[in-house]
Amino acid sequence: MNQNLALNMRPTNLDQIVGQSHLVGPGKVLRRMVEAGKLFSMILYGPPGIGKTSIASALAGSTGQVFRTFNATTDTKQRMKEIAEEARFSGSLVLLLDEIHRLNKDKQDFFLPLLESGQLTIIGATTENPFYSINPAIRSRLQIFELKPLTTDEMKAGIQAALQDPNRGFDFPVQLTSEALTFLSQASNGDLRAAYNTLELAALSTPKNEEGQVHLDLNILKECLQSSHLTLDKDGDGHYDLLSALQKSIRGSDVDASLHYGARLIKGGDLDSLARRLTVIAYEDIGLANPQAQIHTVTGLEAAKRIGLPEARIIIANIIVDLALSPKSNSAYAAMNQALADLENFGSLPIPDHLRSGTHAGNKQQPYLYPHDYPDKWVDQDYLPNSLKNRHYFQPNLTGRYEQALAARKDWIDKAKAKT
């Protein structure tokens, strides 16, 4: 191989693309573009190594257009001028604009006239969600397509293509055991480029046998993939998807799934965002059903931050198990949402006179009554603004003993009010 395996395996037509059948399959939008001989500028977004550059290269190759690349972060204005000149000379050029979400205003102003003239077809590639990260002036001129993470079967197909294609793959026989193939397909975490890099390292560092073949087993692949590709971009969609999956698993009381997603976040090394999410879960989803879990979570996370990873995983494991198996209640969270909704609807209503600061005596018509002076530390009087007098925000759940006690107290107060 004159280049590395990942570059060699880059597709030159849509049929060589691994996965993304929702875009490149028969009758799908990108294939229809190619069949019509007309490419539109677009943004491709999704996790690393799943085919953004490959699709851009294949689209250019399928339509016979000149293909160039530009990185919005590292490439210079001189490189932009060279691309613009080539686009004018050739009449049309497909440009892969990598990290398009980092394109500054100066570079945007340069590319936009070329884009609108039709001399340049931009295929932007990004791991960020373009609806949040890309300037609307650019976004409005481009079609947006989301790429899906590669499945294990798709990863296997891509790896086997490298083993079986003598023109794009290895120029010597490479055999991979089924266990090694499964491991590489799964441990690469859907990143086909990473899988190719690991496979190439394993093949080139393993001596050939007497027949001139390289035989790769599970142990060799594990040695070449010392750390599985689970490191996360803490600002990317995938990271927030993991945090969401963790919260929903804890909310659903699935302790095994909770530990799984917790482990993936620990592997990513972003202890701060994991701690924030676990704190939110403790108060939003466990809530009043088990207030002790909130205390355990906060104190445990303080200790975890002090000792840091990898030892912090021990404390986090305790927290995740505790939260997942705790009784659940979102009654306080729901009550606050209802109160905020009324605030939006009614605005800041006047506070009753007898509750205002410095007027404990109230007025002669309605003095403030001090509850501690009454039996059971309660006395019937109005607290809400008049327009909300009959509002009831808090609806207790009865999943935990503490909230059962709160519900009993609320029931007592409601009955006492009814008697007055």
Side-chain angles (χ1 to χ4, degrees), residues 1-26 28 30-31 34-35 44 46-69 94 96 98 123 125 147-218 220-225 229:
M1 292 183 297
N2 296 325
Q3 305 180 77
N4 67 48
L5 180 62
L7 284 175
N8 277 352
M9 292 302 296
R10 184 165 292 170
T12 57
N13 60 68
L14 294 186
D15 292 331
Q16 293 175 339
I17 291 174
V18 177
Q20 313 311 330
S21 59
H22 65 296
L23 296 176
V24 302
K28 300 303 181 182
L30 297 188
R31 189 169 292 273
V34 169
E35 291 171 350
L44 304 175
I50 65 171
K52 295 184 290 294
T53 303
S54 295
I55 287 179
S57 174
L59 287 172
S62 298
T63 55
Q65 297 188 56
V66 177
F67 177 63
R68 296 291 181 262
T69 62
V94 176
L96 173 68
D98 202 13
I123 301 180
L147 273 64
K148 304 296 184 183
L150 299 180
T151 66
T152 299
D153 287 342
E154 290 169 342
M155 290 288 293
K156 286 181 178 180
I159 294 167
Q160 287 172 329
L163 298 173
Q164 297 166 3
D165 190 331
N167 296 318
R168 297 191 299 149
F170 297 100
D171 52 11
F172 54 88
V174 178
Q175 296 179 340
L176 201 61
T177 66
S178 60
E179 294 84 0
L181 175 61
T182 298
F183 169 77
L184 183 58
S185 301
Q186 294 176 342
S188 299
N189 198 36
D191 188 333
L192 188 57
R193 181 174 56 237
Y196 285 150
N197 291 339
T198 301
L199 179 61
E200 183 178 22
L201 172 60
L204 296 181
S205 62
T206 301
K208 297 176 183 177
N209 61 21
E210 295 179 356
E211 288 77 27
Q213 300 174 334
V214 169
H215 182 78
L216 303 177
D217 60 20
L218 180 59
I220 294 173
L221 266 297
K222 283 185 175 180
E223 289 175 1
C224 293
L225 194 68
H229 293 266

So, for [X] and [Y], which heavy atoms are closest and what is the spacing to 0.1 Å?
{"X": "Gly158", "Y": "Tyr196", "answer": "O-OH, 2.9 Å"}
{"X": "Ser205", "Y": "Cys224", "answer": "OG-SG, 4.3 Å"}
{"X": "Val94", "Y": "Ala60", "answer": "CB-CB, 4.0 Å"}

* To do: Please list all pairs passing the salt bridge (Lys or Arg N to Asp or Glu O under 4.0 Å) test where one or both residues lie in residues 5-16, with sequence neighbours left out.
  => Asp15-Arg31

* State which residues pass salt bridge (Lys or Arg N to Asp or Glu O under 4.0 Å) with Arg68; sequence neighbours excluded, sorted by chain then number. => Glu86

Looking at side-chain heavy atoms only, is the closest gap between [X] and [Y] below 4.5 Å?
{"X": "Val214", "Y": "Leu216", "answer": "yes"}
{"X": "His215", "Y": "Ile220", "answer": "no"}
{"X": "Asn197", "Y": "Leu5", "answer": "no"}
{"X": "Leu147", "Y": "Lys52", "answer": "yes"}
{"X": "Leu199", "Y": "Phe170", "answer": "yes"}
{"X": "Leu192", "Y": "Ile50", "answer": "no"}
{"X": "Ser21", "Y": "Lys28", "answer": "no"}
{"X": "Met9", "Y": "Arg193", "answer": "no"}

* **Member of Leu59, Thr69, Thr53 meeting the side-chain contact (heavy atoms from CB on, under 4.5 Å) criterion with Ile123** => Leu59

* Name the one of Thr206, Leu204, Leu163 that satisfies side-chain contact (heavy atoms from CB on, under 4.5 Å) with Val174? -> Leu163

Quick one: [atom1] on [X] to [atom2] on [Y], what's the gap to the nearest 0.5 Å?
{"X": "Ile17", "Y": "Ser54", "atom1": "CD1", "atom2": "OG", "result": "7.0 Å"}
{"X": "Ile55", "Y": "Gln16", "atom1": "CD1", "atom2": "CD", "result": "13.0 Å"}
{"X": "Ser188", "Y": "Ile159", "atom1": "OG", "atom2": "CD1", "result": "6.0 Å"}
{"X": "Glu200", "Y": "Leu7", "atom1": "CD", "atom2": "CG", "result": "9.0 Å"}
{"X": "Leu184", "Y": "Met155", "atom1": "CG", "atom2": "CE", "result": "6.5 Å"}
{"X": "Leu176", "Y": "Gln160", "atom1": "CG", "atom2": "CD", "result": "8.5 Å"}

* Among side-chain atoms of Thr182 and Gln186, is any donor-acceptor pair under 3.5 angstrom? -> no

* Are Ser57 and Leu96 close enough, and set up right, to give a side-chain contact (heavy atoms from CB on, under 4.5 Å), and what steps lead you there? -> CA-CA 8 Å; Ser57 174; Leu96 173 68; over 6 Å; no

* Begin with the C-alpha distance, continue with both residues' side-chain angles, and end with the deciding distance and a verdict on side-chain contact (heavy atoms from CB on, under 4.5 Å) for Phe172 and Gln213. => CA-CA 7 Å; Phe172 54 88; Gln213 300 174 334; over 6 Å; no

* Asked: Hey, does the side chain of Lys156 reach the backbone of Leu181 with a donor-acceptor pair shorter than 3.5 angstrom?
  -> no

* Please check if the side chain of Gln20 supplies one atom and the backbone of Gly51 the other of a donor-acceptor pair under 3.5 Å. => no

